[in-house]
Protein chains: 2
Amino acid sequence: MLAARGFGGLTLRAVAGEMGATTGLVTHYFPSKRALVRHALEVLDRRSAGRPRPAEERVGQASGLVRLRAVLLDVLPLDGPGAANNRIWVGSWDVALADPELAAEHAARYRRARERMAGYVAEAQRAGELPAGPDAGDVAAAAQSFVLGLVVQALFAPEEFPPVRQVALVDGYLAGLAAG
Amino acid sequence: MLAARGFGGLTLRAVAGEMGATTGLVTHYFPSKRALVRHALEVLDRRSAGRPRPAEERVGQASGLVRLRAVLLDVLPLDGPGAANNRIWVGSWDVALADPELAAEHAARYRRARERMAGYVAEAQRAGELPAGPDAGDVAAAAQSFVLGLVVQALFAPEEFPPVRQVALVDGYLAGLAAG
DNA sequence: CGGTACATACCCAACGCTTGTTACGTACCA
DNA sequence: TGGTACGTAACAAGCGTTGGGTATGTACCG
């Protein structure tokens, strides 16, 4: 629903209809539409964390730089489901920016992601894969900025940003980081 | 209106009320709400292009790298109006992703911005400010990804991304480009 | 110069529809 | 007997949109 019509086109009846049910079912489980939206975002977040990650799953206990790369690639809309997820995520920014509570949850999510990346960056710095100079938090924030923006551009211009190019751009970015 | 309540909270009555008028005025000039939204985005785009640009205006006929930096900085939410503009812009992605025509206009806007940046990149490459190896279009796409994502993060976590840090991150990114 | 015709700008009121929400009824299951 | 899981129906509110009314110009024509 959200991936197709966005948050602006989200209605309880459409949600219920998609499940072959009625609005009574939805309101039975969610006290309000806002709670539904919140739950949807939480589910999406959890699913993104728990889904089969094509890039990261084979990484195992690899080096910090390899894991950083895997995390970055997992964010990108490289396939159909990934694009759908990202459409929802990007669309949620409109409602989140107008709802302080949702905005805070988003901020927390992105902060967690940055901290995770910062750990990989620090690891890569200790291993000499990345220059030790820059602050790991800054590098992580920059890397997340890069992929977030790449997601947006890839969603609006899929033919200009096919999966191969997305990966190539990320690799180019990481190469720049390594070169310092 | 849009900066405060987002596209999900946009109503003709609220728009009219904000001007001290009625819905009749709005419908007199716009055949539909969709046309209103379209016009608003167009105005926002034009205003962004024509507003006093604190970073770029003093650049004049400077080098390609300096101009690239100025363009990137002009996108960021470094002050109140800049943040408001970016809130609208980010919020518009939800409605645009659900409306093919709006999506196409967005894609065209971002493509134009990339092409502009690519020109500066090529200029910087010719001047030896940036390594001549990478494709200018790729560098421009990467740079725009970077700032777009930085905008999103800065909007959700303003205290973690104050103007100084935003500028520092951009400069760090450009330094990496020059070195890589 | 005066008067008529017309277009513009805007308010007002209402339309039909959709929305989120609520209340109630009913089946199933412990 | 009671609680959970739904469907059904209706509610009031708000929505975009429409049509008509009324001023204020503005152009045309004798």
Side-chain angles (χ1 to χ4, degrees), chain A residues 1-47 84-85 87-106 109, chain B residues 1-47 84-85 87-106 109:
Chain A
M1 267 299 310
L2 288 174
R5 306 200 210 178
F7 284 79
L10 179 72
T11 68
L12 298 188
R13 282 168 238 267
V15 170
E18 195 77 14
M19 325 186 328
T22 65
T23 71
L25 187 153
V26 182
T27 62
H28 179 64
Y29 290 97
F30 299 99
S32 71
K33 181 185 180 180
R34 195 167 163 279
L36 209 205
V37 168
R38 196 113 76 97
H39 177 73
L41 290 177
E42 196 178 333
V43 164
L44 184 68
D45 190 19
R46 224 184 292 280
R47 195 210 302 176
N85 281 358
R87 284 169 83 96
I88 303 176
W89 214 249
V90 170
S92 77
W93 292 340
D94 178 54
V95 41
L97 282 174
D99 184 321
E101 203 168 354
L102 288 179
E105 295 175 8
H106 268 54
R109 269 188 265 266
Chain B
M1 266 300 311
L2 288 175
R5 305 199 211 179
F7 284 78
L10 179 71
T11 68
L12 298 189
R13 282 168 236 269
V15 170
E18 195 77 14
M19 324 184 330
T22 65
T23 71
L25 187 153
V26 182
T27 62
H28 178 64
Y29 290 97
F30 300 99
S32 70
K33 180 183 180 180
R34 195 167 163 279
L36 210 206
V37 168
R38 196 112 76 99
H39 177 74
L41 290 177
E42 197 178 332
V43 164
L44 185 68
D45 190 19
R46 224 183 293 280
R47 194 210 304 176
N85 281 357
R87 285 169 83 95
I88 302 175
W89 214 248
V90 170
S92 77
W93 292 339
D94 178 52
V95 41
L97 282 174
D99 185 321
E101 204 168 353
L102 288 179
E105 295 175 8
H106 268 55
R109 269 189 265 267

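Order of the sequence lines fixes the chain letters, A, B, ..., with proteins taken first and strands second; residue numbering starts at 1 for each chain. Please read these numbers as outputs of a predicted model, since none were measured by experiment.
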Out of [options], which nucleotide sits closest to the side chain of [X]?
X	options	value
B:Leu25	C:dC10, D:dT17, C:dT21	C:dC10
A:Thr22	C:dC11, D:dT8, D:dC6	D:dT8
B:Thr11	C:dT21, D:dG16, D:dC6	D:dG16
B:Arg13	C:dT8, D:dT17, D:dG16	D:dG16
B:Tyr29	C:dC10, D:dC6, C:dG20	C:dC10

>> Is the ring pair B:His106/B:Trp89 parallel, tilted or perpendicular, if the boundaries are 30 and 60 degrees?
In response: parallel
>> Once you apply a heavy-atom cut-off of 4.0 Å, does B:Thr27 come out as touching a base, just sugar-phosphate, or nothing?
In response: base
> Within the structure shown, what part of the strands sits under 4.0 Å from B:Leu10 by heavy-atom distance: base, sugar-phosphate, or nothing?
Replying inline: sugar-phosphate
> For B:His28 and C:dA9, is the shortest distance between a side-chain N/O and OP1 or OP2 below 4.0 Å?
Replying inline: yes
> When you measure from the side chain of A:Asp94 to the backbone N and O of B:Val95, does any donor-acceptor pair fall under 3.5 Å?
Replying inline: no
> Checking B:Arg87 side chain against A:Leu97 main chain: does a donor-acceptor pair fall under 3.5 Å?
Replying inline: yes
> Quick one: B:Phe30 CZ to C:dA9 C1', roughly how many Å, whole number?
Replying inline: 14 Å
> Whole-Å distance between D:dT18 P and B:Leu12 CG?
Replying inline: 11 Å
>> Within a 6.0 Å radius of atom CZ on A:Arg109, are there more than 12 heavy atoms belonging to other residues, nucleotides or ligands?
In response: yes
